[in-house]
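Scroll down for the structure; my scribbles are underneath it.
Numbering of ligands and ligand atoms starts at 1, following listing order. Residues take their numbers from the sequence shown, with the count starting at 1.
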Amino acid sequence: QEKIFLKDYKSPDFTVDNVNLDFILNEDFCRVISQSQVRKTTPGAPLLLNGEGPKLISIKVDGKALDSSQYELTSEELMVKDVPDQFTLEIETELQPQNNTALEGLYKSNGIFCTQCEAQSFRTITYFWDRPDVMTSYSVTIEADKTKYPVLLSNGDRLKVEDLGNGRHKAYWKDPHKKPCYLFALVAGDLGVIRDTFTTRSGRKVNLEVYAAHGKQDRCHHAMESLKKSMKWDEEAFGLEYDLNDYMIVAIDDFNAGAMENKGLNIFNSRLVLADTASATDTDFFSIESVVAHEYFHNWTGNRVTLRDWFQLSLKEGLTVFRDQEFSGDMTDRGTQRIDDVDGLRAAQFAEDAGTNAHPVRPDSCMSVDNFFTSTIYEKGAEVIRMMQTIVGRKGFRKGMDEYFRRHDGQAVTTEDFAAAISEPNGKDFTQFRRWYSQAGTPTVKVQEAYDASKKEYTLTLEQSCAPTPGQPTKEPFHIPLMVALLDKQGKELPLNAKGVHTNSDGKYIIELREAREVYTFTGMNEKPVLSILREFSAPVTLQWAAAADDLYFLVEKDPDSFNRREMAQKLASDIYSDLIAKARKKEALTVEPRFLKALNALLLDTKASPAFKAKMLQLPSLHVLAQKEAVLDANAFYAARNAFRTAIAKECRQALLDTYRQYHGVETKNHDSKVGAHRRLKNMALGYLAETKDPEILKLASEQYWKAENLTDRMAAMAILAELDSPERTKALDHFYQEWKNDSVVLNKWFTVQATSLRPHTLDEVKALTKHPAFNITNPNNVYSLLRAFGSNLIRFNDPQTDAFKFYADCIIEIDAKNPQVASRLCAAFNFVQKLEPAMKDRALSEIKRIVAVETLSKNSRELLQSAL
Ligand code: B3K
Ligand code: ZN
C-alpha cells in the first residue's frame, strides 16, 4: 500500500467560489447533485477530484454533459484533462446509505440519515476537492419523505422548508462561512428536540437545539447546559464569540468517534449526549461537558481557522484539547484536572511514543489519514500548546492567540503558523521548540543534585535524551520548560537566583532546558533545599531522578504544588509496584513498604486535604503505565502484585477507609456537581479497596449499595466490585442490570464493559459468550468498544498465558475490519505491548498479527497499525 508524504504537499490548482449540494433521499438509493463555481489558479492544470465509491451518474462542465472519453475515472479519482479557466461544474452521484456499514460519509443509523466526513469521507458522497485547504461556501437542499424524515438539517442558516405536495418536503440551508468539505454535515430523520437560547456578549441571540431519539429528550439537558457554559467560557477566556444564528447537536446511536464539530451542526455519539441520574455516571456527566465544550471550541480552532493538510491535524486537535482541558479545570478544580490529564497522557500517549506506531505530533508520512486521530496528535499536541503557555505565561499566551486569529481567520494553516503567532508577539524564538512537532518519542530528563554547605550553593545538573523511534534513529535536543521550586524545611518556596532560571508572566520559576546537558547553580542556600521539579507537569517528559526517600515523603506531605505531591506519591507507589512484580516473578512473599501505607493513612485522616485530592492520592499507577516501565509484561505477576498492594492498603487503612465511606455514602445522591462527584469517587474507591479483603461485611456493604443505589455511579461502582466475585451476588446483580436496561444500548454498554474488564480468570470465556448475546451487535461501534476494546485494555486477561485471547481477538478484528475499518483499527492497540511479552506469548501474538495482515482485503487502517509490529 502507498504512503503519502508531507513533503509532497502542493497548494490546490483551483479555487471553488461556492457549491450547491442537492440531496434527494430515498429508501433504496439517494441522489446527490453538486454544482460548483470553479476558477483555475494553476494555468494548464487538469481537474482532479477525489472520489471513492459514489456511482457517477453524470458530469457537466458549463451545462454540457461530458461523455466518457472526456474524463478518466479510477477507484480513487475523477480526472478531466481540459477545463476552461472558469466554469460551472455539475456532478450527479448515486449512493446507498442504507448499506453503508463503515459509518463514514452518508449513512443510516436507526432510520436516521447522517454524515461523518472527517477526515476523507466527503469523497464517498460526491467527487470533490476532498482536502482541507479548499474552503468554500455551501448551499444545501435536502429532499425527503415528510413523515419518515420530518427533521432535515445541514450547516449554517435555515432558509426555508418547502412542502412538495407529494408526501415529500425540501429544506434549504446556507452556510455563510467558507469551510473545507470535512466540516459538511447533513441529518434527516424523526427526532425529538430540546431548545434554548444563548445571548452572546455582543448581544446576539443564538438558538440552541439538542436532538435525540424521541423519548430521550429528558436526557439532553446536561448537554444543553454544558453547551451554554462552553459558549460563555470561550468569550471570557479567549474573547471568542459564536458566529451563526443556530447551534445544533444531534445524538446518533451508531457513530465511530465520540463527536464531530461540523460547522453549526455537531453530530455526537449518543453516549456523549444522553445523561440523567439513573442512566449516567458522574464520569459520563463530566465527559459530556468536556466533549460538548471540545466540539464547540472547534468553531474557532478548527473551523474558522482550519488545516492546510492532514499532517497538521494537531493544529486543531492539540489546541482544542488544550482548550477543553482549561475549561474543565475552570469548571471543576485545576489541580485535580491536571492530574487526570497527565494520567491519561501517560497511559495512552507515552505508550504510543514507546511503541511501534510512534509518530511525531506533526507526522511527515502515513498510509491512512484515519490513523492520525491518536493520543499523540490530541493529548501530546495539547501538551505542546501548554508548554508554549508555560514559556510565555498565560497573559502572553492570550496575546499570541489573539494574534493567531488576527493573522489566520478564514485560512487553512500549519502548526508552524501557530507557533509563530504565539512566539513572535512575545519576543520568543520557537525554532528549537518546533522539534516537539517534528520529533517523536518521550524525552528523558536526568536530574542530579549537589549541595555545597561551605559555599551555600546548590547545583542542579540536567541532561536530556530521547530514545530512537521508528524512522528517527537520532534526536536533536528539545526545548524543555521545567517549572521548578526549591523548598525549605517547612516546605516554603525559596526565592531563586540562578543563571538560566527566569520567571514567566505568571511569576513561576522556569528553566528552559535547551542543551543536552546544562548545570544551574543556586546561590545563597543556607541549607540543602528540597527540589520540586517538573511542577504541574510542565513538559511531557520522563524524569530520571534518584531522589532520597526522605525527600519524596517530604514532598508528598508538603509540596505546595499539588501535582507534585501526588506525583511523588505515584513515584513511590510505582517503585513499590516494581518491587512486588519482581518478587512475584521469583515467587517470593509480597510485602509492602509500611512507610508508604502509613503516609496514605495519614492523608485519609487529614481534614485539610480535599476529597478530590485524596481520591487522586489513593489511585495507584495504572497497569498500562507499569507495563511501559517493566521490561517484561508478565500478566500473572502483575495480577499478584496488584492484589497484594491493594490488600495491604485495605488492611493498613481499614478504619480510615470505612470512615471515609460512611462519611460520604448516601449524601446528595442526585447532585452531579463536580465536588459532590469527587466525594462519591473517594468513597467508592474506599469501598473498592476494602472489598479486596473479601471480608463478608464489606461485600454486604457493596451488595446493599448496588440494590439501594439512587444513581448510576453508585450502582456501577458496586457492580464492578460484585463482578469480581464468584458468588450468586454477582449473577443476581448482573441479571438485574440487564433486565433493567436491555432496551437502552447506551446504558447496557456499561454492563458489557464491567464484564469485559473483570480480572476473574474466566473473563475471556464470558466475553466470547457475550459476543453471541442478543443484545450485542457487532455493527454498532459502541457495542464493540464496550465489550471488545474494553477487553483488549484488560492487560491481565488479554495477556493471560493460560488462555488464548490473541486468537479470539484476531478473529474479531478480521470480522469487524471487513465492515468497518475505523472501528477495527481501534482494536489494534491491544497488541501494543507485544514486544514486552515473554517469548512463547510473543510468538503467539505475532503469529495472530501475521494472520490478520495476511488477509488481502484488510483495510489500510488496520494494516498500517499492525504491520509495524512485525
Ligand atoms: N474531529 C472529530 C474526530 C473525527 C474522527 C475522524 N475519524 C472529533 C474531535 O476531535 O473533535
Ligand atoms: Zn477535536
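Checked against ring-ring contact (aromatic ring centres under 6.0 Å, His included), Trp233 has the following partners two or more places apart in sequence or in another chain: Phe238, Phe297, Phe327. Qualifying salt bridge (charged side-chain N to carboxylate O under 4.0 Å, His left out) partners for Glu77, counting only residues two or more places apart in sequence or in other chains: none.
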Please determine whether side chain to side chain contact (heavy atoms under 4.5 Å, CB included) holds for the pair Met260 and Tyr182, giving the CA-CA distance in whole Å, both sets of side-chain angles, and the decisive distance to 0.1 Å. CA-CA 10 Å; Met260 180 63 212; Tyr182 83 85; 3.9 Å; yes

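The six-membered or imidazole ring of Phe268 lies away from that of Phe255, with a centre-to-centre distance of 6.0 Å or more. A ring-centre distance under 6.0 Å is found for Phe397 and Phe322. Phe184 has its ring centre less than 6.0 Å from the ring centre of Phe122. Aromatic pair Phe311/Phe5: ring centres not closer than 6.0 Å.
Atom 3 (C) of ligand 1 has Tyr378 OH, 3.6 Å as its closest protein atom, hydrogens excluded (heavy atom only). Of the protein's non-hydrogen atoms, Glu118 OE1, 2.6 Å is the one closest to atom 1 (N) of ligand 1. Protein heavy atom at the shortest distance from atom 8 (C) of ligand 1 is Ala259 O, 2.9 Å.
Look at Glu261 and the Zn ion (ligand 2): no N/O/S atom of the residue is under 2.8 Å from the metal.
Expressed to the nearest 10°, the angle at the Zn ion (ligand 2) joining NE2 in His298 with NE2 in His294 is 100°.
Contacts with ligand 1 closer than 4.0 Å are made by no heavy atom of Glu104, backbone or side chain.
Residue Gln822 places at least one N or O, backbone or side chain, under 3.5 Å from an N or O of ligand 1.
Annotation for ligand 1: atoms under 4.0 Å from non-hydrogen atoms of Glu261 are 1 (N), 2 (C), 8 (C), 9 (C), 11 (O). Of all atoms in ligand 1, numbered sequentially from 1 with element shown, those under 4.0 Å from a heavy atom of Met260 are 1 (N), 2 (C), 4 (C). For ligand 1 and His298, the ligand atoms under 4.0 Å from any heavy atom of the residue are 9 (C), 10 (O), 11 (O). Ligand-side atoms of ligand 1 in range of Lys316: 1 (N), range being under 4.0 angstrom from any heavy atom.
For the pair Arg304 and Phe405, the cation-pi test (distance below 6.0 Å, angle within 45°) is failed.
Side-chain contact of His408 with Asp417: a donor-acceptor pair under 3.5 Å is absent, judged by distance alone.
When the heavy atoms of Glu317, Glu295, Arg826 are ranked by distance to atom 11 (O) of ligand 1, first place goes to Glu295.
Within Glu317, the N/O/S atom positioned nearest the Zn ion (ligand 2) carries the name OE1.
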